[in-house]
Amino acid sequence: MVSENPFAEFRLECQNSLEGSLQKLFSETQITRLSLERPPNPEFGQLASSLCFELAKQLNENPLTLAKRLVEALNKSKFSLIEHVDAAGGGYINFHVDFPKFSSITIESVRHLDIEYGLVKTDKPLKIIVEHTSANPLHPMHIGQARNPMLGDAIAQLLKSRGHNVYRHFYVDDVGRQSAVLAYGYKKLGRPKPDEKPDHFLGKIYTITSCLIEIKRLKRELERAKAVSATEEIPNLNKELDDWMSAAAELKEKHPNLFEELLERITEDEDPEKKINELNKAYEAGHERAKQLIRGVSELCLQGLKQTLNRAEVSYDSWDWESELAWTSRVQTVLEKLKKTPYVFPLGGILEFDAEKAVQQFDLKKKLGLRESYEVPSLTLIRADGTTLYPTRDIAYTLWKFERAEKVINVIGMEQKLAQLHLKIALHALGYGNYADNLIHFAYNLVSLPGYTMSSRTGRYIKFDEVMDEAVKRAYEEVSKRSPQLSEEQKQEIANFVGMGAVRYALVEVDPSKPVVFTWDRVLNFETNSAPYIQYSHARACSILRKAARKPEKPAYNLLKEKLEHEIILTISSFPDIFIEAAELLKPNLIADFANVLADKFNTFYNALPVIKAKPQGLSDARLALVDAVRIVLRNTLNLIGIVAPERM
RNA sequence: GGGCUCGUAGCCGAGUCUGGAUUAAGGCGCUGGCCUUCGGAGCCGGAGACCGGGGGUUCAAAUCCCCUCGAGCCCGCCA
C-alpha cells in the first residue's frame, strides 16, 4: 500500500473512530471540532484528543471517566493503523500507531513516490504570479535585500510543488527620480565603461551623486527656512543635513577620486535638481535621448544584479520593465479611470487619491484589518510637473499582472505596508475588489547591521556578493581541512554548494516576520542547524547506501522497534503535512526547520544503531530502506528551499 | 501625534494564526564524556528561561483579550 500522506491516513482513522464513539455515547452533545494533537511524549501515543475536557464541562462529569467510556466504545474491529487507544492524563484519549504496519507504509510510500513524496498537490491549482526581488537597478544588492529573493524563490518553489502554475516576476523599477539621479551622475562622468562588476560600479556613482544632491537641496531649504524664519523646520533640516554630511564623509573616504570628480562636475551645474527632474520627465514620456541614457544605465546595472542572482541560483520567468508600462500608456489609462472615480481630486497642481473616502465607501476597514479610528492617509498620484509616482505606476502594473494570473503575491518588505494598502484600496476604487482580495503582500522584516539599518542611499550596507564570496571562501577552508585528499576541482565544487547553501538557509530559516541582525557567524555557521549539517546528513545517508551495495530485498519492518527508528518514521511520515502547511501559509521556514529536525534524528540514529551490519538480514534491510527514505525526504526538503543535496561532500 | 511589527536562557532562536499533559524544542557559548567499526561538518550528558511587565478570559495561556514598557519601521510632489 502506498500513501501520499501516511500520517494523514492515521489521523483520519483516529478521527473517524473517535467520531463513531462520540456518536454512540453522546450524540446530543455539540462538539464541533474534535482536534487531534501531537502529544508531548511518545508514551502518550502519536495522536491525542483533549475533547473530554470540553465534554466534561458540558456534561458536568469527570473528564477521565468520559475518556475511558469513549475508549471503551471505540469500534476496534475497524482499526487498521491504530494499535491501541487508552485514556490517560486527566482525561486525554491517546492513540497509538501500529508501528510495523505504519513503518512499512511510510517507508514504502517514500521510496515509491521518491522525488514526489511529500509534495501533495492541491485540488485547486491556480495561476499565481510571485513578484519578488525587484531591486532597483541603481546599486548592488545588499544582504538586507537578499532576504527577498531567498524567500521569494522558496515560496515560488513551494507553490509550484503544490501544483500551482507559478510565474516568477522581477519588476525592473527604472522609472522615477532615483533612476534619473544615477543617470545624471553617470552622464556627468562621461558615461564611463565599468572597470568592475557593473552594479558595484554604478552603485558608487549613485550613492555619491544622490548624496551630493541631497546635501545641496537641504542647504537650500535650510536657507529658505531661515529666510522665512520657519523655526520649527530648522532643527529637523539640520539633523537631516548632518546625516548626509557624515554619509558624504564616509563616501569620500572610501572612494576619494570618484567623489572628487563627481563633486566637481555636479557643482558645475547651477541646478542639478532641475536637470534630474527634466530627465525623469523626458524618460517617462519616452523621449529618445532620455531613453538611451536611463535605459542604458538601468540595463547595465541589471546585468550585474542578474549575475548575482544567477550565482544564488534564483531565476525568473519574466522581467517586467516599469518604463514599458509608462510608454504603452497603461499608466495613463489607469489614471483616466481613476480620475472618473469620486475619490480622486486635483490639489494645487497635483492629483490626489482620497484613500480614506474610498475605504469608507466600500466599507473596507474591517476587511483590510484596520482600526475604525485609523484614518488612511491620502496618496499623491501625479506630481506638479505631470510625472507619475511609483504607487500610481504600481496600480497599472498590478492590473497588468491580474490579466495574467488569478493570484498575485508580492514579496516586499513590511516597511511598504502602507503602499501595499494603498494599492488594494485603489483596486477597490477602480472596481477590482476581487483583485484586491487575491493580492497578497508577503511582508518580511528588515535585515539590519548591528546598530543601524542598512541603506543603499547612504551606501551603508554589506553587498550580497561579498557575503557569498566570504561564505564560499570559508567553506573552502573547511573542506580543505576536513578532506585534504580531494582534488582542487572537487574542493571548489563542494565549497560552492556548501557556502551558498549556508547563506540561503540562514536567510530562509528565520520566521520572515522577525527582524534579523546580520552577523557573519549567522551565515558562516556550518554546524548543527545549518545547511551544511543537513547536506552532510544527506551525504551520509548516500554513503551508507553506496557502501551497502545492495537493495533492501526483504525488509522486515516489524523489526524496527527502536524508539529512534520510530521517531524517524513519524518524522518522515509527517513531511506531507508540513509541506502542505508551509505552502498554504507561505512559510518556507517550516521546511528548513523540518529538514534540520530530520537530519538531527538521523544522525542520532546513525550513531546509535548499525545499518549494514545489523542482524538479522531482515532488520538490516529494513534499516537500509529507512536510510533510503531519509535520504529522499532530506533531498526533497533541500530542493524546496533551493539548496543542493550532495551525495558526497 | 497616529499606525504596523518585533520582545522567549549570556547570545541566536522554535512554538503564538488553529489554547491543552509542571520535561517551553534546538543551536552557539560554558562544561563533562564518546577519541569514531556505515564519513567527527558527528553523538551522549551537565548547568542555564517560567516566555518584556501587569491585569483578564478558561477546566487549561508563551499562545486569546485589555493595559503598559522597550526596540524597529511607516505616515514624501522617494521608490
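Chain A is the first sequence line, chain B the second, and so forth, proteins listed ahead of strands; every chain is numbered from 1. If you're wondering where the values come from, they're calculated on a predicted model, not measured in any experiment. These values consider heavy atoms only, across backbone and side chains, with no hydrogens, waters or symmetry-generated copies.
Across all strands shown, D385(A) has no heavy atoms under 4.0 Å from either base or sugar-phosphate atoms. Residue contacts for V597(A): at a heavy-atom cut-off of 4.0 Å it reaches no nucleic acid atom on any strand shown. At the heavy-atom level, A539(A) lies under 4.0 Å from base atoms of the strands shown. At a threshold of 4.0 angstrom between heavy atoms, the contacts of I350(A) include nucleobase atoms, whether or not backbone atoms are also involved. No engagement by V627(A) is indicated, since no non-hydrogen atom pair under 4.0 Å with the nucleic acid exists. Nucleic acid contact class of A48(A) (heavy atoms, under 4.0 Å, all strands): base. Residue T453(A) is in sugar-phosphate contact alone, with no base atom involved, counting any heavy-atom pair closer than 4.0 Å across all strands shown. At the heavy-atom level, R217(A) lies nowhere under 4.0 Å from the strands shown. The residue N62(A) sits apart from the nucleic acid: no heavy atom pair falls under 4.0 Å. Contacts of R522(A) with the nucleic acid, taken as non-hydrogen atoms under 4.0 Å apart, involve only primed sugar atoms and P, OP1 or OP2. Here R177(A) lies in heavy-atom contact (under 4.0 Å) with sugar-phosphate atoms only. Nucleic acid contact class of Q416(A) (heavy atoms, under 4.0 Å, all strands): base. Within the 4.0 angstrom heavy-atom criterion, base atoms lie near Y92(A).
Atom-to-atom, NE2 of H422(A) to C1' of C4(B) comes out at 14 Å; the value is rounded to the nearest Å.
With distances taken from any side-chain atom of T380(A) to the nucleotides C77(B), A41(B), U18(B), the minimum falls on C77(B). When the nucleotides G13(B), C77(B), U5(B) are ranked by their closest atom to the side chain of L389(A), C77(B) comes out on top. When the nucleotides A79(B), C28(B), U37(B) are ranked by their closest atom to the side chain of K613(A), U37(B) comes out on top. Proximity note for D173(A) (side chain, C-beta onward) versus A79(B), A21(B), A25(B): the nearest is A79(B). Listed nucleotides A21(B), G72(B), G42(B) differ in distance to L446(A); the shortest reach to its side chain belongs to G72(B). Distance from the side chain of E527(A) is smallest for C28(B) among the nucleotides A79(B), C38(B), C28(B).
For R393(A), a side-chain nitrogen or oxygen approaches OP1 or OP2 of A79(B) to under 4.0 Å. Put simply, S513(A) has no side-chain N or O that comes within less than 4.0 Å of OP1 or OP2 on U5(B). A close approach under 4.0 Å does occur between a side-chain nitrogen or oxygen of Y536(A) and OP1 or OP2 of A41(B). Residue Y606(A) places no side-chain N or O under 4.0 Å from the OP1 or OP2 atom of G42(B). Of the side-chain N and O atoms in K417(A), none sit less than 4.0 angstrom from OP1 or OP2 of C73(B). The side chain of T528(A) contributes an N or O atom lying less than 4.0 Å from OP1 or OP2 of G42(B). A close approach under 4.0 Å does not occur between any side-chain nitrogen or oxygen of Y505(A) and OP1 or OP2 of A41(B). Using a 4.0 Å cut-off, no side-chain N or O of S35(A) falls inside it from OP1 or OP2 of U18(B). Residue R383(A) has a polar side-chain atom (N or O) positioned under 4.0 Å from OP1 or OP2 of A79(B).
More than 12 heavy atoms of other residues, nucleotides or ligands shown are found within 6.0 angstrom of NZ on K216(A). More than 12 heavy atoms of other residues, nucleotides or ligands sit less than 6.0 Å from atom CZ of R546(A).
Between the side chain of N607(A) and the base of U36(B), no donor-acceptor pair of N or O atoms lies under 3.5 Å. For a distance-only test at 3.5 Å, the side chain of K514(A) qualifies as a donor-acceptor partner of the base of U16(B). A donor-acceptor contact under 3.5 Å links the side chain of S50(A) to the base of G20(B).
When ring centroids are compared, F44(A) and Y92(A) stay outside the 6.0 Å threshold.
The side-chain contact (heavy atoms from CB on, under 4.5 Å) search around E478(A) returns R474(A), K481(A), R482(A), F526(A), not counting sequence neighbours. Residues satisfying the side chain to side chain donor-acceptor pair (under 3.5 Å) test with E527(A), not counting sequence neighbours, are none.
Pairing partner, G29(B): none, since no Watson-Crick or wobble contact has both distances short of 3.5 Å.
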